[in-house]
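Note: hydrogens, waters and symmetry copies are ignored here, and every other heavy atom, side chains too, is used.
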Amino acid sequence: MILSVQRLVHRAIADAIRRQYGLAEIPVFAVEVPPTRALGDLAVPVAFQLARTLRKAPRAIAQELAQTLGAIPGVARVEPAPNGYLNLYLDRSAYLLPRVRQQLPHEAAASEKTIVEHTAINPNKAAHIGHLRNAVLGDALGRVLRLRGTPVEIQNYIDDLGVQVADIIVGFRELEHRTLDDVRQIADTTRIDYYCWDLYSRVTQWYDERQDHLDARARTLHELEHGDPGVNDTAAMGAFIVDRIVRAHLATMARLNIAYDLLTYEGDIVRLQFWAHAFETLKAQNAIYLQTEGKLAGCWVMKIEEASPADARGDAPGNDVGDDAREKVIVRSNGVVTYIGKDLANQFWKLGLLGRDFHYRVFATQANGRALWATTSGAGEAGARELGYSTDGADASKPFVEVSGRKGLGVKIDDLLDLLTNKATAEVAKRNPEFPPEDCRRVGSQIAVAAIRYFMLKYSRGKLIVFDIEEALSFEGETGPYLQYAAVRANNIFHKLQEREHVAEAEILSGLETLPAVELADDGEAHNLWAVVFEASRLDEVVEQVVRSLEFSGLAKYAFGLAQLFSAFYHRYPILNEEQADRKRWRAAGVAYFRMQLTRALDLMGIEVPSRM
RNA sequence: GCGCCCGUAGCUCAGUUGGAUAGAGCACCAGCCUUCUAAGCUGGGGGCCGCUGGUUCGAGUCCAGCCGGGCGCGCCA
């Protein structure tokens, strides 16, 4: 909503530079947003960059450019700042009206399908806080891409043949002597993800007791990988456990407004022999080779290139070349493919390089109404083909975060959500005594989700979050609930306008151009109407930045800053009780735009706006 | 040892492809509920941006070297 104006300004200034100085080549320059509105709405520091080639003071260049610039649509005036900046002031009412009325032409973004793979939790126990961040970040990326018009497919990779699943089977069998029917019984009468949480830690201890206990794991893993769930007990038990735990994970994520389009099962990659095909391709391209000597003899390996700037010169005598070139095992000497190999096959499929596809089945219908599909190696269902490998040029996203906080590894997501929901529900009930209990509960859970999702997004992804329960439980200050509260208050103004004065938003927005816009023109106060409106318009710029950097803290901080700006405005400038009709209307229009933009920003973070708080 | 990440207020963290006076929350202190919800607002104290050098009109941001902390480095996934 601001990007189009920035582009317009950029083009106009580039033209002015060409006209004024006849330069063949114009340096790359930015159109920035100055720190305060007093310095304008847009700022261009290009005069600094031109100073050297033109052998002129920045201030003089800025003055000359301001002179030759001419009129730019939507820009009220241009002022060369004494230090050399070119500051631009927008035509405020002309800026607000088409935006709040949603009359700007929609710009189509590049529409290549993009796959976002996230969550990918081992299906052997309840999901914990350590898993949460990847899911929240991945979900937010999907939402941001969709807003830009990019077709997105959200995939969740299920490692149903891994060591961790084998461990749980070992636990049921060796420690508890359970049959598949016993496990079914447990799954039907308890929360199996919680049950397995405890069982898994017991298995880990049991392995530590005696070295040969690990044999059970190896045996189980082998049976899992080579077994047919129809005939092999281990594979059947594994398939059952995985199915139930995956459903538990999906239920947990659904509480957080996180949904998926497709579950890709590692087992299907193996059974459909995706690896065999990827293997041939890798061999044909010499990407991997059979190591014949050293400790990796008999393994198919891939060279991991580590661009070391130091190795270009002067090898010390006796320092064998290639010694520090590392090799990654793709196929073990016993012929078993490693996780990396299977993942390579998955990536090949995602990029459409495999020449084959999964079969698909409907796994569930999600809370948002969308069908969730899953891969299968059996007979597929009709209607699933659109999910296939139409992903040419897709940008497969890499995992975002390395690991998150250690303390969080011991806390289950559902437990934390329950804690937050109970706390928020009690607070809602206290503040709204006449509110029915089920509504308190609903709003309480919306607040809980906001708190936890904002908490996961506010830190930059390079940061290791040390999970602090006190901080995560807070609803004050820079938190999700603070943002919701601002949106609820803004909405409330319109509820009251409707109730008390029978005026709808549409009426307020119509015919505004005939009213003097002194309210928008007012300066002096830092948190005036224009400051709120202008900041609200920057969402698209922030979204672009997020996509460029895959960094969501910027979106979180932007939304918070916007809410702060509004909160200050809200306390200072009444709307319902404002006596001057023109000021009242323009304020309402500005707040209408604010709530629209904040609601959008919250939606990108998967946060809902409650009806009241 | 090698690779990646981090070092900004007492604590937890932001800091836009290098730009205008380094910000926020928490904590602390002082105010504000007969006016649209006090999960809020206003004001205050608190900073060799780890250190040193370099590039630049301009460095918290880029480069080099140190110091301090984290993670990874398996025929695990």
Side-chain angles (χ1 to χ4, degrees), chain A residues 28 30 32-36 39 43 45 47-49 51-52 57-58 81-85 87 120 122 159 161-164 221 266 291 295-301 304 306-308 310 324 326-336 338-340 342-343 402-403 424 427-428 431-432 447 451 458-466 468 470-471 474-486 488-490 492-497 500 527 538 541-542 544-545 548-549 551 553-554 556-558 560-561 564 567-578 587-588 591 612-613:
Chain A
V28 185
E32 303 170 345
V33 173
T36 70
L39 292 166
F48 300 112
Q49 292 161 270
R52 169 158 293 187
N83 58 8
Y85 267 100
N87 292 335
N122 272 308
D159 183 5
L161 302 181
V163 171
Q164 295 216 17
L221 192 56
E266 182 171 290
Q291 180 57 271
K295 61 175 184 170
L296 297 184
C299 298
W300 286 87
V301 298
I304 306 292
E306 291 176 41
S308 57
D324 40 8
R326 292 174 50 225
E327 292 173 330
K328 205 73 199 168
V329 175
I330 308 299
V331 183
R332 302 184 185 94
S333 55
N334 65 6
V336 178
T338 62
Y339 156 84
I340 295 173
K342 285 179 277 197
D343 192 49
E402 300 168 14
V403 195
E427 195 64 33
V428 173
R431 290 162 190 250
N432 304 277
I447 292 172
K458 69 191 271 196
Y459 303 102
S460 66
R461 82 188 136 92
K463 223 89 177 186
L464 198 75
I465 297 183
V466 178
D468 180 345
E470 288 298 318
E471 217 178 318
S474 170
F475 294 156
E476 288 167 17
E478 194 196 337
T479 65
Y482 174 94
L483 303 190
Q484 290 178 308
Y485 192 63
V488 167
R489 281 172 145 183
N492 231 348
I493 291 170
F494 289 92
H495 293 152
K496 291 271 160 68
L497 277 172
R500 296 183 191 172
H527 331 97
R538 291 187 53 236
E541 184 194 0
V542 173
E544 281 309 302
Q545 181 64 24
R548 248 200 323 274
S549 61
E551 183 59 78
S553 59
K557 302 280 175 184
Y558 162 76
F560 175 62
Q564 264 186 322
S567 295
F569 169 82
Y570 176 91
H571 277 272
R572 192 159 308 184
Y573 303 95
I575 289 169
L576 292 175
N577 296 324
E578 172 56 43
R587 278 179 200 167
V591 172
R612 57 194 300 180
M613 288 178 75

Original post:
How would you label the contact of A:Val428 with the nucleic acid (heavy atoms, under 4.0 Å): base, sugar-phosphate, or nothing?
Top reply: base
**OP:** May I have the distance from A:Glu476 (atom CD) to B:rG40 (atom C1'), rounded to whole angstrom?
**Re:** 9 Å
Subject >> Check: A:Thr338 side chain, B:rC75 base, donor-acceptor under 3.5 Å >> reply: no
**OP:** Write down the distance between CZ (A:Phe494) and C1' (B:rU37), rounded to a whole number of angstrom.
**Re:** 16 Å
Subject >> B:rU34 to B:rG15 separation - C1' atoms, rounded to the nearest Å >> reply: 43 Å
Original post:
Using atom C1' of each nucleotide, how far apart are B:rA14 and B:rC6 to the nearest Å?
Top reply: 15 Å
Original post:
Has the side chain of A:Asn432 got a donor or acceptor atom that lies under 3.5 Å from a matching backbone atom of A:Val428?
Top reply: yes
Original post:
Roughly how far apart are A:Ile575 CD1 and A:Asn492 CG, rounded to 0.5 Å?
Top reply: 11.5 Å
Subject >> Whole-Å distance separating the CG atom of A:Asn432 from the C1' atom of B:rU37 >> reply: 8 Å
**OP:** Give none if B:rA39 has no partner; otherwise give the nucleotide forming a Watson-Crick or G-U wobble pair with it, both distances under 3.5 Å.
**Re:** none
Original post:
Is B:rC33 syn or is it anti, if syn means the base angle is within 90 degrees of 0?
Top reply: syn
**OP:** Ignoring backbone atoms, test whether A:Arg489 places a side-chain nitrogen or oxygen under 4.0 Å from the OP1 or OP2 oxygen of B:rA38.
**Re:** yes
Original post:
When the C1' atoms of B:rG68 and B:rU52 are considered, how many whole Å apart are they?
Top reply: 15 Å
**OP:** Could you check whether A:Ser333 gets within reach of a base, just the sugar-phosphate, or nothing at all, counting any heavy atom under 4.0 Å?
**Re:** base
**OP:** Taking only the side-chain nitrogens and oxygens of A:Tyr339, find out if one of them lies under 4.0 Å from OP1 or OP2 of B:rA77.
**Re:** no
Subject >> Below 4.0 Å: OP1/OP2 of B:rU17 and any side-chain N or O of A:Gln545 >> reply: yes
Subject >> Per A:Ala81 side chain, nearest of listed nucleotides B:rU42, B:rA20, B:rC36 >> reply: B:rA20
Original post:
Rounded to the Å, how far apart are A:Arg538 CZ and B:rU16 C1'?
Top reply: 8 Å
Original post:
Checking all strands, does A:Ala43 fall into the base, sugar-phosphate, or nothing category for heavy-atom contacts under 4.0 angstrom?
Top reply: base
Original post:
Could a donor-acceptor pair under 3.5 angstrom be found where the side chain of A:Asp159 meets the base of B:rA77?
Top reply: no
Original post:
Can you find a pair of side-chain heavy atoms, one from A:Glu427 and one from A:Ile447, that are under 4.5 Å apart?
Top reply: no
**OP:** Indicate, with a heavy-atom threshold strictly under 4.0 Å, whether A:Ala57 touches base, sugar-phosphate, or nothing.
**Re:** nothing
Original post:
So what's B:rA77 paired with, Watson-Crick or G-U wobble, going by both distances under 3.5 Å?
Top reply: none
Original post:
If you check the A:Phe560 side chain, which of B:rC75, B:rG25, B:rC36 turns out closest?
Top reply: B:rG25
Subject >> Side-chain N,O (A:Lys463) to OP1/OP2 (B:rA14) below 4.0 Å >> reply: yes
Original post:
Taking the side chain of A:Asn122 as heavy atoms from C-beta outward, which of B:rA77, B:rG40, B:rA39 is closest to it?
Top reply: B:rA77
**OP:** Could you let me know what B:rG25 is paired to, Watson-Crick or G-U wobble, both distances under 3.5 Å, or none if it's on its own?
**Re:** B:rC11
**OP:** Please measure how far the C1' atom in B:rA39 lies from the corresponding atom in B:rG47, and state the result in whole Å.
**Re:** 30 Å
Original post:
In whole Å, what separates the C1' atom of B:rC29 from that of B:rG53?
Top reply: 42 Å
Subject >> Span that lies between the P atom of B:rC48 and that of B:rG10, in whole angstrom >> reply: 7 Å
Original post:
Contact class for A:Ala568 vs. all strands (heavy atom < 4.0 Å): base, sugar-phosphate, or nothing?
Top reply: sugar-phosphate
Original post:
So what does A:Lys342 touch, heavy atoms closer than 4.0 Å: a base, only the sugar-phosphate, or nothing?
Top reply: nothing
Original post:
Is a side-chain N or O of A:Thr338 found less than 3.5 angstrom from the main chain of A:Ile330, in a donor-acceptor match?
Top reply: yes
Original post:
So, is A:Arg431 close to the B:rA39 phosphate, meaning a side-chain N or O under 4.0 Å from OP1 or OP2?
Top reply: yes
Original post:
Which of the following nucleotides, B:rA14, B:rC36, B:rC41, is nearest to the side chain of A:Ser567?
Top reply: B:rC41
**OP:** Measure from CD on A:Gln164 to P on B:rA77 and round the result to the nearest Å.
**Re:** 11 Å
Original post:
In whole angstrom, what separates A:Tyr485's OH from B:rA39's C1'?
Top reply: 6 Å
**OP:** Check whether any side-chain nitrogen or oxygen of A:Tyr459 sits under 4.0 Å from OP1 or OP2 of B:rC5, and answer yes or no.
**Re:** no
**OP:** Nearest-nucleotide wise, let me know which of A:Ile340 and A:Thr479 is further upstream toward the 5' end of RNA chain B.
**Re:** A:Thr479
Original post:
Can any side-chain N or O of A:Glu578 pair as donor or acceptor with the backbone N or O of A:Tyr573 at less than 3.5 Å?
Top reply: no
Original post:
When you compare B:rG45 with B:rG50, how far apart are their C1' atoms, in angstrom units rounded to a whole number?
Top reply: 25 Å
Original post:
Separation of A:Lys458 atom NZ from B:rC11 atom C1', in whole Å?
Top reply: 12 Å
Original post:
Is there side-chain contact between A:Arg587 and A:Phe569, with heavy atoms separated by less than 4.5 Å?
Top reply: yes
Original post:
The side chain of A:Phe475 lies closest to which of these nucleotides: B:rC75, B:rA39, B:rU21?
Top reply: B:rA39
Original post:
Just how far, in rounded Å, is C1' of B:rC73 from NZ of A:Lys328?
Top reply: 8 Å
Original post:
From the list B:rA77, B:rA39, B:rC36, which nucleotide is the closest neighbour of the side chain of A:Met613?
Top reply: B:rA39
Subject >> Complement of B:rC2, any strand, by Watson-Crick or G-U distances under 3.5 angstrom >> reply: B:rG72
**OP:** Any chance you could measure A:Arg500, atom CZ, to A:Leu576, atom CG, to the nearest 0.5 Å?
**Re:** 5.5 Å
Original post:
Would you call A:Glu478 and A:Gln564 a side-chain contact if the rule is heavy atoms closer than 4.5 Å?
Top reply: no
**OP:** Pick the P atom in B:rG7 and in B:rC13, then give their distance to the nearest Å.
**Re:** 10 Å
**OP:** Sort out the partner of B:rC51 for me: Watson-Crick or G-U wobble, both distances under 3.5 Å, none otherwise.
**Re:** B:rG65
Original post:
Heavy atoms under 4.0 Å, any strand shown: does A:Tyr573 hit a base, just sugar-phosphate, or nothing?
Top reply: base
Original post:
Does A:Arg461 offer a backbone N or O that forms a donor-acceptor pair with the side chain of A:Glu551 under 3.5 Å?
Top reply: yes
Original post:
Which part of the nucleic acid, if any, lies within contact of A:Pro34, taking any heavy atom under 4.0 Å across all strands shown: a base, the sugar-phosphate backbone alone, or nothing?
Top reply: base
Original post:
If you look at every strand shown and take non-hydrogen atoms under 4.0 Å, does A:Val488 touch a base, only sugar-phosphate, or nothing?
Top reply: base
Original post:
Should A:Arg332 be listed as having a side-chain N or O under 4.0 Å from OP1 or OP2 of B:rA77?
Top reply: yes
Subject >> Position toward the 5' end of RNA chain B (nearest nucleotide), A:Gln564 or A:Pro45 >> reply: A:Pro45
Original post:
Within the pair A:Asn492 and B:rC36, is there a side-chain N or O less than 4.0 Å away from OP1 or OP2?
Top reply: no
Original post:
For A:Ala30, which contact category applies under a 4.0 Å heavy-atom criterion: base, sugar-phosphate, or nothing?
Top reply: base
Subject >> Taking every non-hydrogen atom, the tightest pair across A:Val591 and A:Ala490 >> reply: CG1-CB, 3.9 Å
